[in-house]
Structures are given as C-alpha cells and as structure tokens.
Amino acid sequence: MLLVHTLRDDRQRVLEGLRKRGIDAAIMVDRVVTLDDKRKELQTSNDTLLAERNTLSTEIGTLFKSGRKNEANALRERVNEIKGAVAGAEDELRATLEELETTLLQLPNVPYHLVPAGSSAEDNEVYQDYPGELPALGPDAKPHWELAETYGIFSLELGVRTTGSGFPVFTGQGARLQRALVNFFLDRNTAAGYTEYAPPLLVNEDTARGTGQLPDKEGQMYYITEDDLYLIPTAEVPLTNLYRGELLDADQLPIQLTGYTPCFRREAGSYGAHVRGLNRVHQFDKVEIVQLARPEESYAKLDEMVAHVGGLLDALELPYRILRLCGGDMGFTAAMTYDFEVWSAAQQRWLEVSSVSNFETFQSNRLKLRYRAEQGNELVHTLNGSALALPRIIAALLENKQTEQGILLPEVLHSYVGKDRLDPVG
RNA sequence: GGAGGAAUGGCAGAGUGGUUUAAUGCACCGGUCUUGAAAACCGACGUGUCGAAAGGCACCGGGGGUUCGAAUCCCUCUUCCUCCGCCA
C-alpha cells in the first residue's frame, strides 16, 4: 500500500511512474488526498471534543470530592452532550478511513525510475542476455513431460488419483533430484549469509494481507474455511511476516532470510499446451530469499540478489537470461522486478524460473515494519526472490541435459543426488 | 476437547474507578567525575496521529460495552501457563 504523504508530496513522480503501468491515476490520487484532508479535519475536531470531555471529567471528580454535587451534575450534562457529538464524529471518521483505505488499496506500487514503460511481456527489457549461441539439441530432443516418463521423474496421473490435476507426484530419482535441489539451494543461500527458516505453510488473514496477497490475489490462494487460514502461495508470505509490526534497530539491518516451502496456487482457468507437464502446477517446491533493508541500500541489495540467483543458474549450467520487467508486466506490489528465464530447447521457449523484486515500502507500510533511523523511525524496504523454484528447474535440467547417455547432471549436484547422471527406468 | 490462571513500556514488575502526564528497578543513550574504564551522581528515555510551535488526542493482548471519567468493572475473541483428555 502506498503512503498518503508520497501521493501528496510526490504527486508528479507517482503519476508518471504509474503511467508506465498504463494507469492514469490522477483521479484516484486526488481522491486519496481529499479523503486524507477530510480525515485530518474530522480527527482534529474530534480530538478537540475529547479534550474538553477529559478536562470536564477531571473537574467533576474534583467537585465530587469536595461535595459540590450540584455543580458536578451540571457538568455531567455538558459531557453527555459531548459524548453524542463524539459518537457521530467517530462514525464519520471511521467511514472516511475505510474509504481512504479502499481507494489506496486500488493503487499498485510506483515503478522505480529504471523500470521501462510497457503493457505486456513484449515490452520487457532484456537486462542480461545469454552470452553466445543458445544451445541446440538434436531434432529428437524431447520435452520434459516425455522425459519424465522415460526416466521415472514424476507422474501427473498419480497426482490425479490422490488429489487432482496439477499435483505432480515425484518418484524415485525424480524425488531424489527434488530433494537434492532443495538442499543445494539452501546450502548456497545460507553460505551467502541468509538465515534458514522453516515457516508454517498455512497463514492467517493478517499475514496474507501484510505482504499484499489480500485483498488483491484472494482467488489465487487455497483457503481453509473451517479455520480461516490460507495455504501459502510462496514462502515470501510467512518469511516477510516474521517481522510484521516490528520496530528494528538500524544495526539489525539488513536481515536476510531463506526458506524452503511447498507453494500452493489455485491457478484457476489455466489449461493448454503452455501449462503441460511442470510448466504450471498447483503445488510446487520453492526456496525463497527475503531481505529487509535500509531504503538507501535496497537497490544495491536487489543487485546482490540478482547476482546470487544468477550464480545458482551458472552452477546448474543452465542457459538463462535476465529481464527487467516493464511496468505493465510487474506485479501489483513490486517497484522493480527482474525475471530469470531458462531456455528450454525442447519447448523452444524461455521458462521463468525466478522473480526477484524490490517492494520498497509497499509491503512494509502494511506490515508496519520499521527501523530506528537517524532522522526518526522509517519503514524498511522489503525484497524477495526465488532461489529457486523447483519444477521449471527440473524441466530445464531434463531438457537441456538430455543425451544418449542419459540426463547428465551438473557437477554441483553429483554429491546431492548421489550420482552424476539419471538413467532411464523400466 | 474440559477445568483453572494469566496478558501492562526493550526486559522485569507495581497499579481493582478520578492530579496515572503508568510507580520502581534493569537495559540503552547523553553528561559529570576519571589517564581510560567501572562505580557513583545528574539528565534524557515508548508508539501513532493532528499541529509551524506550544500543545492536543489515541494506545496497558484484539474487539465491544458500562460510566461524567476505565490499565482498573462487564461481555467476547486470541494467545500463553498449569492440570486432565486425545494424539504423530
């Protein structure tokens, strides 16, 4: 959620920024400022009434003590009048606050100045292209869903039996590969200074609201009505919310967290060729990195995170490129996002495997996550990124590493998987 | 799931209807003293909000209520502790 004073003081920058998302926000921004003016006015007059009430109540107490009942009763009448006025003012204030918040919630984050304008994925900027020729596979190269059968990696049919479509069951060496990748990622992340957490997979409403999943992406999350809990769509949600409501000391920053969790996404209405195999599923594993940073450092931290994720893909020997998302393709809450895409030679397309974003104060405002800065208490900047999401990495490994001798695993995985290649089964 | 107890500032811990602008201690910060440090002493010391400022208002787990007035009384929810039950 954007800050009112940003809309007020930085109106021009906000409007220009939101234009990169293809949004003309002038009316809404002005509406917010008007509502906030009204809020101040109501609050001031209400506070004045309360101040009078407090003074009179103290006087009444004094009068009663000295036995001057008549005078006290006269004052009580006046206080009762005030009470009525206060009740009315508070109702109006509450209604104004509600409308203010509703309006504010409709505004997405303001893109950072480096974010290119644009309306769709077409307008994303290639920030770092794959150096050299993309690896070409033979004409008989197979997509991962076919390889999965040959090599016994996962089964969608078994998932249908136990659950439904979009719930892959990893089997044998596929399950082992999954576990190997999780461990590899966590080891690399902790070595880079991220502290490992194993958070709950179900979160309450406040938590879902803190990182912006509510009210924006309500339909995307699985919801347990019986207990009023949401299944997490990403570890970002519980990890960032670990610090909800905190007032940190400046020397605690930056805070670096990592965690492995399954992720649950309803992905309603997604069918077709682009979602075959592991391309889009309802449950998948992901290792996430999160940073809480001082505002002046957050973009340096974003660069660090991008370099770190790039290092993971380098180690896995996968061909990838980095995109800087345009305004129209960025998520609602992000100020700047880099996407990592791995080339799938067999599918002849790029697959998104990681998304690394700076949210600036958009999340911390909701989270009330602040730190003691020299010039006073300030909201921290929150950042996160996938490091990495498993299914598409597995898909990319299968497709890019397929040879007549089997799937040749990158060296860094040998000790984790316990062998240097995957062989066909059956 | 049942019975009982509890929730107060960074921490500990007073406070059961009216100068509570929440005592006191510890921690932290500034200062005096000291070659330096410790000790001692002095001072400052929560968050949000309105205001140029002075100052006002709100906040004692969350929400609601009683009252002229609520940390204090009532209702409700949540969490924690003790005991019982169930259980990987």
If I pick the [atom1] atom on [M] and the same atom on [N], what distance separates them, to the nearest angstrom?
{"N": "G43(B)", "M": "G25(B)", "atom1": "P", "answer": "12 Å"}
{"N": "A27(B)", "M": "U79(B)", "atom1": "C1'", "answer": "27 Å"}
{"N": "A40(B)", "M": "A7(B)", "atom1": "C1'", "answer": "37 Å"}
{"N": "U21(B)", "M": "C33(B)", "atom1": "C1'", "answer": "33 Å"}
{"N": "U16(B)", "M": "U72(B)", "atom1": "C1'", "answer": "5 Å"}
{"N": "G62(B)", "M": "A70(B)", "atom1": "P", "answer": "16 Å"}
{"N": "U66(B)", "M": "G85(B)", "atom1": "C1'", "answer": "39 Å"}
{"N": "C57(B)", "M": "A71(B)", "atom1": "P", "answer": "13 Å"}

Heavy atoms from C-beta onward define the side chain here; which of G48(B), C68(B), U49(B) lies closest to that of Arg39(A)?
U49(B)
Hey, is the side chain of Lys368(A) poking within less than 4.0 Å of OP1 or OP2 on U47(B), counting only N and O atoms?
no
Separation of atom [atom1] in [X] from atom [atom2] in [N], rounded to whole Å:
{"X": "Leu49(A)", "N": "U49(B)", "atom1": "CG", "atom2": "C1'", "answer": "17 Å"}
{"X": "Arg209(A)", "N": "G62(B)", "atom1": "CZ", "atom2": "P", "answer": "17 Å"}
{"X": "Glu90(A)", "N": "U49(B)", "atom1": "CD", "atom2": "C1'", "answer": "14 Å"}
{"X": "Leu97(A)", "N": "U49(B)", "atom1": "CG", "atom2": "P", "answer": "12 Å"}
{"X": "Glu205(A)", "N": "C77(B)", "atom1": "CD", "atom2": "P", "answer": "18 Å"}
{"X": "Asn377(A)", "N": "C45(B)", "atom1": "CG", "atom2": "C1'", "answer": "13 Å"}
{"X": "Leu63(A)", "N": "U19(B)", "atom1": "CG", "atom2": "P", "answer": "15 Å"}

Provide the full list of salt bridge (Lys or Arg N to Asp or Glu O under 4.0 Å) pairs with a residue in residues 145-158 of chain A, sequence neighbours left out, each pair given once.
none
N/O contacts under 3.5 Å, protein versus nucleotides 51-58 of chain B?
from, atom 1, to, atom 2, distance (Å)
G56(B), N2, Asp47(A), OD2, 2.6
C57(B), OP1, Asn54(A), ND2, 3.3
C57(B), O2', Asp47(A), OD1, 2.8

What residues, two or more places apart in sequence or in another chain, satisfy salt bridge (charged side-chain N to carboxylate O under 4.0 Å, His left out) together with Asp423(A)?
Arg421(A)
side-chain contact (heavy atoms from CB on, under 4.5 Å) against [X], all qualifying residues, sequence neighbours excluded:
{"X": "Pro200(A)", "result": "none"}
{"X": "Leu3(A)", "result": "His5(A), Thr6(A), Thr361(A), Asn365(A), Leu379(A)"}
{"X": "Asp420(A)", "result": "His414(A)"}
{"X": "Ser120(A)", "result": "Glu122(A), Asp123(A)"}

In Watson-Crick or G-U wobble terms, both distances under 3.5 Å, what is the partner of [N]?
{"N": "C57(B)", "value": "G48(B)"}
{"N": "G85(B)", "value": "none"}
{"N": "U19(B)", "value": "none"}
{"N": "A12(B)", "value": "U24(B)"}
{"N": "A6(B)", "value": "U79(B)"}
{"N": "A37(B)", "value": "none"}

Ring center gap for Tyr112(A) and Tyr299(A) short of 6.0 angstrom:
yes
What residues, two or more places apart in sequence or in another chain, satisfy side chain to side chain donor-acceptor pair (under 3.5 Å) together with Glu246(A)?
none
Name all residues meeting the side chain to side chain donor-acceptor pair (under 3.5 Å) criterion together with Asp187(A); count only those two or more places apart in sequence or in a different chain, and write none if there are none.
Tyr416(A)
Between Ser57(A) and Arg94(A), which is nearer to the 5' end of RNA chain B once each is assigned its nearest nucleotide?
Ser57(A)
Classify Leu247(A) by what it touches in the nucleic acid, base, sugar-phosphate, or nothing, heavy-atom distance under 4.0 Å.
sugar-phosphate
Pairwise N/O distances under 3.5 Å, protein to nucleotides 8-11 of chain B:
none

Can you pull out every side chain to side chain donor-acceptor pair (under 3.5 Å) where at least one residue sits in residues 385-395 of chain A? Sequence neighbours excluded, please.
Ser354(A)-Ser386(A)
So, with a heavy-atom separation below 4.0 Å from RNA chain B, the residues of residues 29-36 of chain A are none
When you measure from the side chain of Gln402(A) to the backbone N and O of Lys142(A), does any donor-acceptor pair fall under 3.5 Å?
yes
Between Asp249(A) and Asp251(A), is there a donor-acceptor pair closer than 3.5 Å when you use the side chain of the first and the backbone of the second?
no
Side chains of His144(A) and Glu399(A): do they bring a donor and an acceptor to under 3.5 Å?
yes
